[in-house]
J.: 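Encoded as structure tokens, here's the structure I'll be asking about.
Computed from a prediction, not measured in an experiment: that's the story for all the values here.
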Amino acid sequence: QGQLVESGGGSVQAGGSLRLSCKASGYTLSSYPMGWFRQAPEKAREGVAAISSGGGVTAYADSVRGRFTISQDNAKNTLYLQMASLRPEDTAMYYCAADLSGRRWSGLSAGYYRHWGQGTQVTVSS
């Protein structure tokens, strides 16, 4: 069924930036709705950003809108999450996910996504 591998996480100070990458193998990433999610300790998984199949539609959680940007590079079969103006409350494990069901848009609801990467940790210090 393929694989998703995230990278790019790390530790930064508040106000800093990071770019997360999600490399897909075994299928063409742009053919499916994709999303970025995060989960902090003892908190529920939260949808952060989503992009439709083909990349024409995007959505963001209110908490990150204007600071985070989701994008994809079709030549590299890679999904990105550019994060700027990071805050301590952005600290979490970040996951990319794919909806391989045939839908063209799946939004920020984790339940639609059945194919997940292993995650990459982002830590923002004040």
Side-chain angles (χ1 to χ4, degrees):
Q1 194 177 22
Q3 190 177 19
L4 295 171
V5 179
E6 300 97 332
S7 61
S11 297
V12 295
Q13 290 191 325
S17 299
L18 283 173
R19 188 179 76 162
L20 306 184
S21 300
C22 172
K23 173 73 172 176
S25 60
Y27 59 89
T28 301
L29 183 151
S30 62
S31 297
Y32 304 97
M34 301 291 298
W36 283 100
F37 297 82
R38 66 186 182 186
Q39 188 166 19
E42 301 182 358
K43 291 190 176 181
R45 188 166 292 191
E46 173 190 19
V48 174
I51 190 166
S52 63
S53 64
V57 178
T58 58
Y60 297 91
D62 289 344
S63 58
V64 306
R65 188 176 294 113
R67 300 188 297 123
F68 291 11
T69 303
I70 189 171
S71 63
Q72 56 192 33
D73 184 327
N74 295 339
K76 296 182 178 180
N77 208 28
T78 299
L79 181 75
Y80 299 103
L81 184 68
Q82 180 68 50
M83 305 186 296
S85 302
L86 283 162
R87 304 168 181 169
E89 54 263 39
D90 294 319
T91 295
M93 185 71 80
Y94 283 71
Y95 302 88
C96 67
D99 176 359
L100 306 181
S101 70
R103 273 185 290 263
R104 296 180 60 82
W105 172 247
S106 300
L108 298 174
S109 298
Y112 287 125
Y113 297 85
R114 299 301 178 94
H115 194 213
W116 294 78
Q118 83 289 347
T120 186
Q121 178 68 37
V122 172
T123 303
V124 184
S125 59
S126 58

J.: Give a yes or no on whether the ring-centroid distance for Tyr113 and Tyr95 is below 6.0 angstrom.
T.: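 That pair fails the under 6.0 Å test.
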J.: Other hydrophobic cluster members with Met34, side-chain heavy atoms of Ile/Leu/Val/Met/Phe/Trp/Tyr under 4.5 Å, chained?
T.: Leu4, Val12, Leu18, Leu20, Tyr27, Leu29, Tyr32, Trp36, Val48, Ile51, Tyr60, Val64, Phe68, Ile70, Leu79, Leu81, Met83, Leu86, Tyr94, Leu100, Val122, Val124
J.: Identify the two heavy atoms, one from Ser30 and one from Asn74, that lie closest to each other, and give their separation to 0.1 Å.
T.: CB-OD1, 3.2 Å
J.: Minimum heavy-atom separation for Ser109 to Phe37, with atom names?
T.: C-CE2, 4.1 Å
J.: Please report the interatomic distance NE2(His115) to SG(Cys96), rounded to the nearest 0.5 Å.
T.: 9.0 Å
J.: What distance do Ser126 atom OG and Arg87 atom CZ have between them, rounded to the nearest 0.5 Å?
T.: 14.0 Å
J.: State plainly whether one hydrophobic cluster holds both Trp105 and Tyr112, where clusters connect Ile, Leu, Val, Met, Phe, Trp and Tyr through side-chain heavy atoms under 4.5 angstrom apart.
T.: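 No, Trp105 and Tyr112 fall in different hydrophobic clusters.
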J.: Give me the atom names and distance for the closest heavy-atom approach of Gln82 to Ser17.
T.: NE2-CB, 4.2 Å
J.: Give the minimum heavy-atom separation between Ala50 and Gly107, together with the two atoms involved.
T.: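 Answer, listing the atom of Ala50 first, then Gly107: CB-O, 3.2 Å.
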J.: Decide yes or no for Ser52 and Pro33: does some side-chain heavy atom of the first lie under 4.5 Å from some side-chain heavy atom of the second?
T.: no
J.: For Thr91 and Ala40, which heavy atoms make the closest approach, and how far apart are they?
T.: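 So the two residues come closest at O-CB, 3.7 Å.
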J.: Using the test salt bridge (Lys or Arg N to Asp or Glu O under 4.0 Å), find all partners of Arg103 that sit at least two apart in sequence or belong to another chain.
T.: Asp99
J.: Hey, could you give me each pair passing salt bridge (charged side-chain N to carboxylate O under 4.0 Å, His left out) that has a residue in residues 20-29? Not counting sequence neighbours.
T.: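 For residues 20-29: none.
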J.: Run the salt bridge (Lys or Arg N to Asp or Glu O under 4.0 Å) test against Arg114 and tell me which residues pass, sequence neighbours left out.
T.: none
J.: Donor-acceptor check, side chain of Glu6 to backbone of Cys22, threshold 3.5 angstrom: yes or no?
T.: no
J.: For Arg104, enumerate each residue passing the side-chain hydrogen bond (donor to acceptor under 3.5 Å, both in side chains) test, keeping only those at least two apart in sequence or located in another chain.
T.: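 Arg104 satisfies side-chain hydrogen bond (donor to acceptor under 3.5 Å, both in side chains) with no other residue.
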J.: Output every pair passing salt bridge (charged side-chain N to carboxylate O under 4.0 Å, His left out) with a member in residues 25-38, not counting sequence neighbours, ordered by first then second residue.
T.: Arg38-Glu46, Arg38-Asp90
J.: Tell me whether Asp73 contacts the main-chain N or O of Thr78 through its side chain, where contact means a donor paired with an acceptor under 3.5 Å.
T.: no
